[in-house]
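Any value given below was found using the heavy atoms of this structure, including those in side chains, with hydrogens, waters and symmetry copies removed. Below, chain A is the first sequence line, B the second, and so on; all start at residue 1. Keep in mind that this is a model prediction, so the values were computed, not measured.
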There are 2 protein chains.
Amino acid sequence: MTLPFFYTYTFFIMAKQKDSPANNNERKNFLPHIAFDSVIFGFSGEKLKILVMEYHNTRLFALPGGFVGVTENLNDAVRRGLKERTGLSNIYLQQCYVFGDVKRHRPAVMHTILQANGHQPGDDHWMLDRFISVVYYALINYTKVTPRPDALSDSCEWYDVDALPKLMLDHGTIVKKALDTLRKNLDEQIVGMNLLPKQFTMKELQQVYEAIRGEKLQRTNFQRKMLASGLLIRHKKIFSGKAHKAPYLYQFVQ
Amino acid sequence: MTLPFFYTYTFFIMAKQKDSPANNNERKNFLPHIAFDSVIFGFSGEKLKILVMEYHNTRLFALPGGFVGVTENLNDAVRRGLKERTGLSNIYLQQCYVFGDVKRHRPAVMHTILQANGHQPGDDHWMLDRFISVVYYALINYTKVTPRPDALSDSCEWYDVDALPKLMLDHGTIVKKALDTLRKNLDEQIVGMNLLPKQFTMKELQQVYEAIRGEKLQRTNFQRKMLASGLLIRHKKIFSGKAHKAPYLYQFVQ
DNA sequence: TATTATTGTATCATATTGATACAATAAAAT
DNA sequence: ATTTTATTGTATCAATATGATACAATAATA
């Protein structure tokens, strides 16, 4: 579990108060025992990356996550979190898996995080409870996003999927599961439309697929298949300023 | 949400007591706001079916479901429920989707069920709360199972997926989602191994696929593909007592 | 013994995929 | 101004997979 997005707005205020009343207020605002975590995929032009947060005084790395308001749809809660981290509203979002094992519950870790931010949580603090976590993955256009660390002054940065820092709790397993699911669900149009800018070259498109599938593809056959799919509209060539033959620009239909 | 499997053991006893103490005890035994529902697929030899329960005095049809013990893994809770309904322990089980919209919350329906079983639940009864439901689907060999209605004397019966009764709440949507997921994940070996008896004819195997995909397949090409897959072991012919050429029996490797 | 519907296999034509070759070309190097 | 370069777009051949059809084998029945 990560710190809730909610913190961004209210945590600092509450941190100045005694813990119990704040604890009780927050406990009433969210569904207990239910969290979500998001694996946010972006594509840099060459590599597949995900957003990872670091809790400043703890050296703990975690996925962005949060909690569900008592009158809030689960999906909306996740969108709220994504908006908070990325500034984007219309993000491609998919449920991935629910992690519900008892052994996820490690209150000491959450205690560390709370303490590192000036709290003295009692043993009955709601965030020290057992949580099940609904995991989502999101696909976003890397270039549109400036990741925003939250009010706890964590960092929030892109990391290559193959060069992640060690993540806290079971967040490493969560990333693996999200990547597996993305690979299994790999739909040409959806993935391309959400990870790439509106217009792109055939090479960029191929790099997206190679990054996700984790293997090199035959250039000529990839091109043939994509062109035959009917998903692409071809635009004018771009003269990129690089040497060699200039590529066409493409975009997805619709 | 359906009545919890837990009811089977304790509900009748509790029903004799005043509601509040029982309410409070149960509230402590389960994670609040979290439920699961199971779409249990079976194959009859011709049709794909699912298990549906009927609450006797309500004419309400529902999927089997339940709640998660406070010290119980989510997956184990679902297996506990399946064992209860089918008697089987090693069941192929897959997570499907989490339904988490606020509009699922319809306390009146649950109130009706509780009342129909002799309860007078107060407005604060834990089962009248908002729940998110983690949906699983299971594949089981129809012939191995005798569905067990629970102690509330509901019925628990197989229904053709294309001839379901109207299900309560969003359970109709849940079935659609489970079927979609099954189709998308359709893995030859896993599906065949779990829906068919150990040995089966090529015709039975084809019928499983046709039932799941909802379309007829070309017999000869299906046979060619399955034989070429290397997944099947061929056994002796069976002389079924029917006219015409006797088919071979097959089974999956491993 | 002939009939019947089912089963197993073969064989076409057509699509899809893998591997390779090659011409076109934008800018840099000469 | 011409040559060189790596990249891009396209074509083509072989190998494989798929769709459609034909047909022989056969277990029990008529």
Side-chain angles (χ1 to χ4, degrees), chain A residues 43-47 183 186-189 191-192 196-253, chain B residues 43-47 183 186-189 191-192 196-253:
Chain A
F43 183 71
S44 68
E46 190 173 343
K47 290 239 175 183
R183 280 182 184 143
L186 205 156
D187 174 300
E188 342 254 291
Q189 195 168 14
V191 168
L196 289 170
K198 189 168 178 186
Q199 301 198 349
F200 47 85
T201 65
M202 192 62 80
K203 183 170 195 172
E204 289 172 320
L205 184 57
Q206 184 176 343
Q207 282 173 322
V208 170
Y209 281 96
E210 291 179 338
I212 291 174
R213 294 180 44 180
E215 59 178 356
K216 290 286 172 192
L217 301 173
Q218 187 93 11
R219 181 185 62 88
T220 57
N221 294 334
F222 177 82
Q223 184 142 344
R224 174 179 61 187
K225 192 170 179 180
M226 289 310 302
L227 290 176
S229 74
L231 297 175
L232 295 179
I233 297 168
R234 178 181 276 182
H235 292 274
K236 298 192 184 106
K237 289 195 177 192
I238 44 161
F239 298 81
S240 56
K242 290 169 197 160
H244 329 309
K245 183 173 182 177
Y248 289 104
L249 282 179
Y250 299 88
Q251 77 176 59
F252 283 99
V253 292
Chain B
F43 183 71
S44 68
E46 189 172 344
K47 288 239 176 182
R183 279 182 184 143
L186 205 157
D187 174 301
E188 341 255 293
Q189 196 169 14
V191 168
L196 289 170
K198 190 169 177 185
Q199 300 198 348
F200 47 85
T201 65
M202 191 63 79
K203 182 169 195 172
E204 288 171 321
L205 184 58
Q206 184 176 343
Q207 282 173 320
V208 170
Y209 282 96
E210 290 179 340
I212 291 174
R213 295 178 45 180
E215 59 178 356
K216 290 286 173 192
L217 301 173
Q218 188 93 8
R219 182 185 62 88
T220 57
N221 293 334
F222 177 82
Q223 184 143 342
R224 174 179 61 186
K225 191 170 180 179
M226 289 310 302
L227 291 176
S229 75
L231 296 175
L232 295 180
I233 298 168
R234 178 182 276 183
H235 292 274
K236 300 196 185 101
K237 288 196 176 191
I238 44 161
F239 299 81
S240 56
K242 290 167 196 159
H244 329 309
K245 184 173 181 176
Y248 288 104
L249 281 179
Y250 299 88
Q251 77 176 60
F252 282 99
V253 292

**OP:** Using modelled atom types only, decide if a donor and an acceptor are shared between the side chain of B:Gln223 and the backbone of B:Thr220 within a distance under 3.5 Å.
**Re:**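 No; judged by distance alone, with no hydrogens or angles, the pair does not exist.
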
Which nucleotide in the set [options] lies at the smallest distance from any side-chain heavy atom of [X]?
X	options	answer
B:Arg224	D:dT7, D:dA20, D:dT10	D:dA20
A:Leu227	D:dA6, D:dC13, D:dT10	D:dT10
A:Lys245	D:dA6, C:dG8, D:dG9	D:dG9
A:Asn221	C:dA26, D:dG9, C:dA19	C:dA19

**OP:** Look at atom CD of B:Gln189 and say whether more than 12 heavy atoms of other residues, nucleotides or ligands are closer to it than 6.0 Å.
**Re:**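 Counting neighbours around CD of B:Gln189, more than 12 heavy atoms of other residues, nucleotides or ligands fall under 6.0 Å, so yes.
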
Using atom [atom1] of [X] as one end and atom [atom2] of [N] as the other, report the distance to the nearest whole Å.
X	N	atom1	atom2	answer
A:Leu205	D:dT8	CG	P	13 Å
A:Phe222	C:dT16	CZ	P	17 Å
B:Lys203	C:dA5	NZ	P	13 Å
B:Gln223	D:dT21	CD	P	18 Å
B:Tyr250	C:dT7	OH	P	10 Å
B:Ile238	D:dT26	CD1	P	16 Å
A:His244	D:dG9	NE2	C1'	15 Å
A:Met202	C:dT25	CE	P	18 Å

Subject >> Earlier contact from the 5' end, DNA chain C, for A:Thr220 and A:Lys242 >> reply: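 Checking each residue's closest nucleotide, the 5'-ward one belongs to A:Thr220.
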
Original post:
Hey, does B:Thr201 reach any base, or is it just sugar-phosphate, or nothing, if we go heavy atoms under 4.0 Å?
Top reply: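 It contacts nothing in the nucleic acid.
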
Subject >> pair B:Tyr250-B:Met202: side-chain heavy atoms closer than 4.5 Å >> reply: yes

Original post:
Just wondering, do B:Ile212 and B:Phe43 contact through their side chains at under 4.5 Å, heavy atoms?
Top reply: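 No, too far: nothing below the 4.5 Å cut-off.
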
Subject >> Pairwise 5' ranking along DNA chain D for B:Gln218 and B:Lys225, keeping only the more 5' one >> reply: B:Lys225

Subject >> Passing candidate, side chain to side chain contact (heavy atoms under 4.5 Å, CB included) with B:Glu210, options B:Lys47, B:Glu46, B:Lys216, B:Glu215 >> reply: B:Lys216

**OP:** Ignoring backbone atoms, establish whether B:Arg219 has a side-chain N or O less than 4.0 Å from OP1 or OP2 of C:dT9.
**Re:**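 So the side chain of B:Arg219 is outside the cut-off, no N or O lying under 4.0 Å from OP1 or OP2 of C:dT9.
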
